[in-house]
**Q** 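I'd like to ask some things about the structure below.
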Amino acid sequence: MNGKWFLFIFSVSFLLSCQSKQTLTDTVAPDIQWGYLKSAYLSLPVSISLAKVERRVNDAIPWQFRNAAWPDFDVRGCGEPQIKYTVSRDSIHLKPEGNTLYFEMNLSYGIEGNYCPLCYDGQCKSPLLPFSCGVQKEQGRRMHWMGKIIWSIGADFQLKTRSETLKLKALDPCEFTFLKMDFTKMVQQEFEKAIAAALQSGDQKMNKINLLQSYQPTLQLLNSGIELNQNEFLLVQPQMVSMSPVELKNKRMVTSVGLEAQVSWSNGPAKGSKLSPKFQYVKEQKTVPWELEISLTWEAIQRLLRTQWEGKSMTLNDSGSNIFFKEITVYSKDLGSIQLEGVVDILTEKAKRKNVRFNLTARPVLDKQGQNLILQDVEFDLGFKNKILELGIGWELMQKRWKEENYNQIGLQKMLSSVVLEVNKKVSAIKTEQLGIIGAFHQALIKRLNLREEGIEMTLALSGQWELLINP
């Protein structure tokens with residue numbers, strides 16, 4: 001497993017937050033402005049192909065082991081068999097459990113050697129007796145090897161592994177009855193030494209790997225700021241990367257990686273060095289939605305209302321009396337309130353009034369679903385009230401129908417859907433040969449809002465499901 005997923009998550013964070021002052025669509029709030037992610041927490045399921053991990057481990061472990069003196073016999077004292085052996089393995093099979101990779105494989109081995117049946121004073125006094133097992137035309141003898149690799153990542157992203165053999169069992173003996181000797185145990189002991197040395201060598205190489213080291217230039221760029229336009233920089237300051245336990249699902253190693261970062265804007269690059277993010281293990285990732293800051297100008301709110309109100313009529317009673325909305329204009333009255341001016345036609349059984357003007361002030365608040373602005377404390381101007389009464393329409397009826405037909409709210413569902421579509425479009429463009437991301441944000445809800453002189457600032461919560469594929 002390499003560190004490429006780490007940079008990939010940074011790129012997701014970057015692309016989700018670098019849309020400053022961008023037009024969303026021409027039909028819904030065309031002048032919507034993106035803000036920034038104050039504190040972004042992204043939790044991604046990460047899926048790694050188990051077959052490709054096995055392939056990499058296979059490439060790291062020798063396929064064949066031989067005695068130290070190969071192709072010669074190992075030198076031993078007289079009376080001890082002189083042997084040479086070859087052990088070949090088949091493909092490794094992994095089973096991940098948390099931070100442990102269990103492995104097992106079948107081995108095939110063969111032995112050739114000489115034995116002196118008569119020794120005197122350390123010298124062989126008889127002809128050497130040759131023997132062999134599992135070589136030439138004989139089928140190789142079988143052995144089964146089981147072991148594990150325990151891995152961890154330090155707070156400084158230093159990779160640590162510890163590999164060991166759990167069991168090495170000979171399935172086929174290598175016995176020579178005429179010598180009354182069994183060389184199976186001898187080969188097994190020799191092989192245990194060889195694989196212990198190979199595992200130790202592999203651990204030493206792996207323990208030199210720092211997953212963050214090769215991405216220090218990228219971290220420095222993110223911390224100091226990425227220039228988007230003149231005098232406009234995006235600052236991404238990763239703070240914490242977390243990982244939950246690894247599981248095996250559908251022949252893929254699956255975990256969940258969390259990235260917490262501070263994302264902000266600046267008029268210039270940040271000065272001074274920043275601390276590198278830390279790494280930690282967690283039992284489960286936080287389910288924190290992404291919070292995106294956006295703002296709607298009063299002109300954008302006006303266009304939304306014109307889309308929802310203009311050309312529509314509000315029925316007042318069963319007799320056909322109605323109010324037809326012709327023009328809507330939105331102003332900022334004072335902090336916390338908005339002002340609407342409109343032109344309507346009023347039709348009743350007795351009379352028809354064209355181009356009647358009205359003026360109302362209201363306090364917009366967020367509804368419980370986070371998808372609409374509710375106009376509370378609505379106050380109409382006195383002239384409009386008098387005109388309604390002159391036409392024989394009860395004012396209480398007018399207020400009742402106003403709420404029943406939802407003219408006391410500003411619907412933002414289309415605008416929120418446009419935000420989701422735009423963000424998903426940016427994320428779906430992230431692809432490399434080694435990495436991919438699948439999924440989508442499904443919903444954006446308004447979490448907080450704040451009225452300003454220029455418009456309304458909103459904090460959106462984006463929720464959805466994403467999966468990061470390594471070696472897809």
Side-chain angles (χ1 to χ4, degrees), residues 1 50 53-116 128-136 138-152 159-177 179-209:
M1 187 188 310
L50 181 62
V53 173
E54 288 179 345
R55 202 171 302 149
R56 291 197 174 189
V57 175
N58 274 320
D59 292 340
I61 299 177
W63 289 87
Q64 197 172 64
F65 297 85
R66 291 178 170 136
N67 61 298
W70 179 270
D72 298 324
F73 296 108
D74 285 343
V75 178
R76 300 174 182 273
C78 189
E80 295 184 50
Q82 297 179 351
I83 66 170
K84 62 179 180 180
Y85 63 86
T86 301
V87 181
S88 302
R89 68 175 181 86
D90 67 3
S91 181
I92 197 169
H93 302 286
L94 297 174
K95 181 183 179 182
E97 289 186 11
N99 67 332
T100 301
L101 282 174
Y102 292 94
F103 64 86
E104 59 179 308
M105 67 190 79
N106 289 321
L107 309 170
S108 175
Y109 70 97
I111 303 172
E112 292 180 81
N114 296 310
Y115 176 71
C116 180
L128 294 175
L129 298 177
F131 61 87
S132 65
C133 176
V135 296
Q136 298 177 2
E138 290 188 42
Q139 187 174 0
R141 299 301 193 261
R142 295 176 302 149
M143 193 179 296
H144 192 67
W145 180 25
M146 300 175 63
K148 65 179 180 180
I149 304 171
I150 303 173
W151 61 271
S152 64
L159 182 63
K160 300 176 183 178
T161 66
R162 180 168 58 85
S163 307
E164 60 183 72
T165 295
L166 296 177
K167 187 177 183 181
L168 184 63
K169 181 180 180 181
L171 303 179
D172 298 324
C174 196
E175 298 174 334
F176 300 96
T177 54
L179 295 176
K180 297 182 180 180
M181 288 186 177
D182 184 353
F183 293 102
T184 308
K185 188 173 182 180
M186 178 185 297
V187 175
Q188 184 171 323
Q189 290 174 343
E190 291 293 327
F191 183 58
E192 285 175 349
K193 295 176 184 178
I195 60 178
L199 293 177
Q200 183 180 17
S201 176
D203 286 339
Q204 290 173 350
K205 292 178 181 178
M206 297 297 289
N207 292 340
K208 293 179 181 179
I209 297 176

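As the structure is a prediction and not an experimental result, all values here were calculated from the model. Values reported hereafter were calculated over all heavy atoms of this structure, with side chains retained and with hydrogens, waters and symmetry mates removed. The residues of the chain are indexed from 1 along the displayed sequence.
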**Q** Can you establish whether the number of heavy atoms outside Gln204 located under 6.0 Å from its atom CD is more than 12?
**A**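 Yes - once you tally the heavy atoms of other residues, nucleotides and ligands closer than 6.0 Å, there are more than 12.
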**Q** Any chance you could measure Thr86, atom OG1, to Tyr109, atom OH, to the nearest 0.5 Å?
**A** 13.0 Å
**Q** With a 3.5 Å cut-off and sequence neighbours excluded, list the donor-acceptor pairs that the side chains of residues 67-83 form with protein atoms.
**A**
from: Asn67; atom 1: OD1; to: Tyr85; atom 2: N; distance (Å): 3.2
from: Asn67; atom 1: ND2; to: Asp72; atom 2: O; distance (Å): 3.1
from: Asn67; atom 1: ND2; to: Asp74; atom 2: OD1; distance (Å): 2.9
from: Asp74; atom 1: OD1; to: Ala69; atom 2: N; distance (Å): 3.3
from: Arg76; atom 1: NE; to: Pro81; atom 2: O; distance (Å): 3.2

**Q** Would you check, one step at a time, whether the test side chain to side chain contact (heavy atoms under 4.5 Å, CB included) holds for Val135 with Ile111?
**A** CA-CA 7 Å; Val135 296; Ile111 303 172; 6.0 Å; no
**Q** Are any side-chain N or O atoms of Asp90 and backbone N or O atoms of Met105, one a donor and one an acceptor, separated by less than 3.5 Å?
**A**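 Checking the backbone N and O of Met105 against the side chain of Asp90, no donor-acceptor pair under 3.5 Å is found.
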**Q** Under a 4.5 Å cut-off applied to non-hydrogen side-chain atoms, are Glu54 and Ser91 in contact?
**A**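 No; the side chains remain at least 4.5 Å from each other.
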**Q** Would you sort out whether Ser132 and Glu112 count as a side chain to side chain donor-acceptor pair (under 3.5 Å), showing the intermediate values?
**A** CA-CA 4 Å; Ser132 65; Glu112 292 180 81; over 6 Å; no
**Q** Report, one line per pair, each donor and acceptor closer than 3.5 Å where one atom sits in a side chain of residues 162-174; sequence neighbours left out.
**A**
from: Arg162; atom 1: NH1; to: Glu164; atom 2: OE1; distance (Å): 2.7
from: Ser163; atom 1: OG; to: Asp203; atom 2: OD1; distance (Å): 2.8
from: Thr165; atom 1: OG1; to: Trp145; atom 2: NE1; distance (Å): 3.0
from: Asp172; atom 1: OD1; to: Arg142; atom 2: NH2; distance (Å): 3.3
from: Asp172; atom 1: OD2; to: Arg142; atom 2: N; distance (Å): 3.2
from: Asp172; atom 1: OD2; to: Arg142; atom 2: NE; distance (Å): 2.9

**Q** Report the distance from atom CG of Leu50 to atom CZ of Arg55, rounding to the nearest 0.5 Å.
**A** 10.5 Å
**Q** For the CG atom of Leu94 and the CD atom of Glu104, what is their distance to the nearest 0.5 Å?
**A**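 With rounding to 0.5 Å, CG (Leu94) is 10.0 Å from CD (Glu104).
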**Q** In chain order, what residues pass the side chain to side chain contact (heavy atoms under 4.5 Å, CB included) check against Lys193, with sequence neighbours excluded?
**A**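 Expected list: Glu190.
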**Q** Do Asn99 and Ile150 make a side-chain contact, defined as non-hydrogen atoms from C-beta onward lying under 4.5 Å apart?
**A** yes
**Q** Nearest 0.5 Å, please: how far is CZ in Phe103 from OG1 in Thr100?
**A** 11.5 Å
**Q** How long is the span from the NZ atom in Lys84 to the CG atom in Asn114, to the nearest 0.5 Å?
**A** 9.5 Å
**Q** Report the C-alpha distance between Asn58 and Arg89 in whole Å, list the side-chain angles of each, state the deciding distance to 0.1 Å, and finish with yes or no for side chain to side chain contact (heavy atoms under 4.5 Å, CB included).
**A** CA-CA 10 Å; Asn58 274 320; Arg89 68 175 181 86; 2.8 Å; yes
**Q** To the closest 0.5 Å, what do you measure between CG (Leu101) and CD1 (Ile92)?
**A** 9.0 Å
